[in-house]
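Computed over heavy atoms, backbone and side chain alike; hydrogens, waters and symmetry mates excluded. Remember, predicted model here, so these are calculated numbers, not experimental data.
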Amino acid sequence: MIRKIRNIFIVICLALCGLHSEAQEVYLPFLDDFSSYSGEPRRDLWIGENCFVNHNYQYLPPSVGVVTLDVIDKNGNLYPSANTLGFVGDTLCSAFIHLDCLASQTPLQVKDSVYMSFFVQPGGGAGNMWERIGSQPSSKDSLVLQFFSATENTWNTVWSMRGESVDSLYAKDSNYFRYVLIPINEEKYFNAYFQFRFLNYASLDANPQTDYVINCDQWNIDYVYIDYNRSLADSSFRDIAFVNPAQSLLKDYVAVPYKQYRPSMMKDSLTTTIANLYSSPLSSTYKYHIYDKNQNEIYFYDGGFENINPLLLTHEFQTSENHIKPPLQFAFDLMNQETEYEIVHIATEGVGQDNLQSNDTIRFKQIFSNYFAYDDGTSEGGFGINPLKGSNLALGFSLNQEDTLNAVDIYFNKTYNQDSTDKKYFFLCVWNAIEQGDISLPNNIIYKSERLLPHSDSLNKFTRYYLSEPLILTEGDFFVSLEIKNKGDYINIGFDRNNNASSHTFSKLANGTEWEQAFVVGALMIRPYFGYKSVGLDNVLSSEVIRIYPNPAKDIIYIDSKQTIKEIYLTSPLGIREKMNFTSFNQGVYSLNISNKKSGMYLLSIEDEKGNIYSKQIIKH
């Protein structure tokens, strides 16, 4: 009865604190290698929501997927307590774990040799500075592990690690992740309410330009494992695991509009990284499948059996090209329609029993919709435009046929002090291209927006900026750029460090200077959208499909349409798009109330029942 009352009390406390866990009973073994999901940590094992499970911030982990602790919340905001002296960033806390007994109700005691192990890596990647992923914690920062004693109601520090570079870690350990093994050997922990937690003690750089600081002081944690009957010699796992996430099948892009796809855009071969976490060589199999959107298999590759050496002893991953560089003798047949495919890679132990199957499979979704993307949707860093009036940062794309550009999606990394009262405006520009040697460069501006404001309300969430009028682009290269309006306005764009579009990225300090190609490895999170169903409203007025009046207007706009209207959107002068409520008061006539809008020029977008989208600039008095 006492135990039942205490359980109820704990659940109530967690709910009041906003730390509810969906776990009812957690018994040993406790194991999470973060390989089969992303986003928030599993609610049946963990408490808290700001840590980020991902396949992107890691650098050669033991198993694909890590949980990253940093200094931003789930919406991408730096913690309000962030400072240069020191503060607590993310905290990753386990659910309550039974150390009193097993699920079979067999009692657990100190003598049962319970150990906790995990792999940890300071952020920042390895090698050249311009190739690194994430942000390195400084030497005064640290990651701390604490155990909770329910009998004492205290958290006790049992391990800590100072910030350092991944290169320094490798020089000491010959591995890019440090393996940590800790005994749980005190009686005070052996009850039904054991917990552990990781705390990230961080600090901002002592930099006078603190608004330049983005997500920083990252730690990557992998393969957290607690069980009994372990020992200090327990340093390997009978496990074949993928190390890196699956990649796009296209040479340059992660996603392309279906109208722009050509078979020549396909890679000749794929790349995988596979590890053997056991203490001796194992035999492994590898294969990949390609499925259409209805889960019909349309292609299959079998790499057969290959031996793989133990990573922790030889520091080698799989070396057989049948497994790590499988050929891709395939091209998509899109049948001129928007669609998507799933590529599934599977690597397993060929003989014996693989202890953990969640890291045996990695997946990639190949999307053919209406946009180009070099990035995978996750920002491991930020890329700033030089804060000089007229400076441009441009990203190039290539059309295989004429198409209509309607909008551009941009992800802006949030920065320290970014919510200053000073508005940091930019212009969205589109350029045609000129060939110089073997590269294309921006040539002339063919579209320039009104002034716009960066906007971001969630981590890795793009903001869509609609062009004032759809822009027809001919076959060939074009560039999208952001131009700084005012001197001193530092604008930070999300930067995917796992894909490389540096050969298509150029910057220019001011009008009249030369364009310079980026050398930092990564992909700007800028995605141009093409309106394959869209037409400009001005082009259809003569056929009297849609008529808008009055324009300019003060309170009410009327829309006379021969097609049934499905949706109406209004895009503000700052580029913010809003779905509008409208009223049908007569056959084919609709009214839209704009009386609560500020004066200025807006983009009105109308979608009819057939999916056609019509756009028109309107002026609000």
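Ring centroids of Tyr569 and Tyr466 are separated by 6.0 Å or more, keeping the two rings apart. Tyr59 has its ring centre no less than 6.0 Å from the ring centre of Tyr170.
In terms of heavy-atom proximity, Asn307 sits nearest to Gln318 at O-OE1, 3.2 Å. Across all non-hydrogen atoms, the minimal contact from Asn276 to Ile308 is ND2-O, 3.1 Å. Nearest approach of Trp219 to Pro122, heavy atoms of both residues: CE3-CA, 3.8 Å. Of all the heavy atoms in Asn432 and Asn444, the pair that sits closest is OD1-N, 2.8 Å.
Using modelled atom types, one finds no donor on one side chain facing an acceptor on the other under 3.5 Å when comparing Asn370 with Glu338. Using modelled atom types, one finds no donor on one side chain facing an acceptor on the other under 3.5 Å when comparing Asp167 with Ser165. No side-chain N or O of Glu306 forms a donor-acceptor pair with one of Ser284 less than 3.5 Å apart. Side chains of Ser35 and Ser63: no donor on one and acceptor on the other come within 3.5 Å. With no hydrogens or angles considered, a side-chain donor-acceptor pair links Thr68 and Asn220 at under 3.5 Å. Glu483 and Asn392 are linked by a side-chain donor-acceptor pair at a separation below 3.5 angstrom, with hydrogens and angles left out of the test. Residues Gln260 and Asp403 bring a donor and an acceptor atom of their side chains to less than 3.5 Å of each other.
Side-chain atoms of Asp409 and Tyr411, non-hydrogen and from C-beta on, never get closer than 4.5 Å to each other. Residues Phe462 and Ile526 fail the side-chain proximity criterion, which asks for heavy atoms closer than 4.5 Å.
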Ser440/Asp477 under side-chain hydrogen bond (donor to acceptor under 3.5 Å, both in side chains): CA gap, chis, key distance, verdict: CA-CA 7 Å; Ser440 290; Asp477 295 340; 2.5 Å; yes

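When each of Ile410, Ile491, Ile493 is checked for a side chain to side chain contact (heavy atoms under 4.5 Å, CB included) with Pro454, only Ile491 meets the rule.
Atom CE in Met335 sits 12.5 Å away from atom OH in Tyr258 (nearest 0.5 Å).
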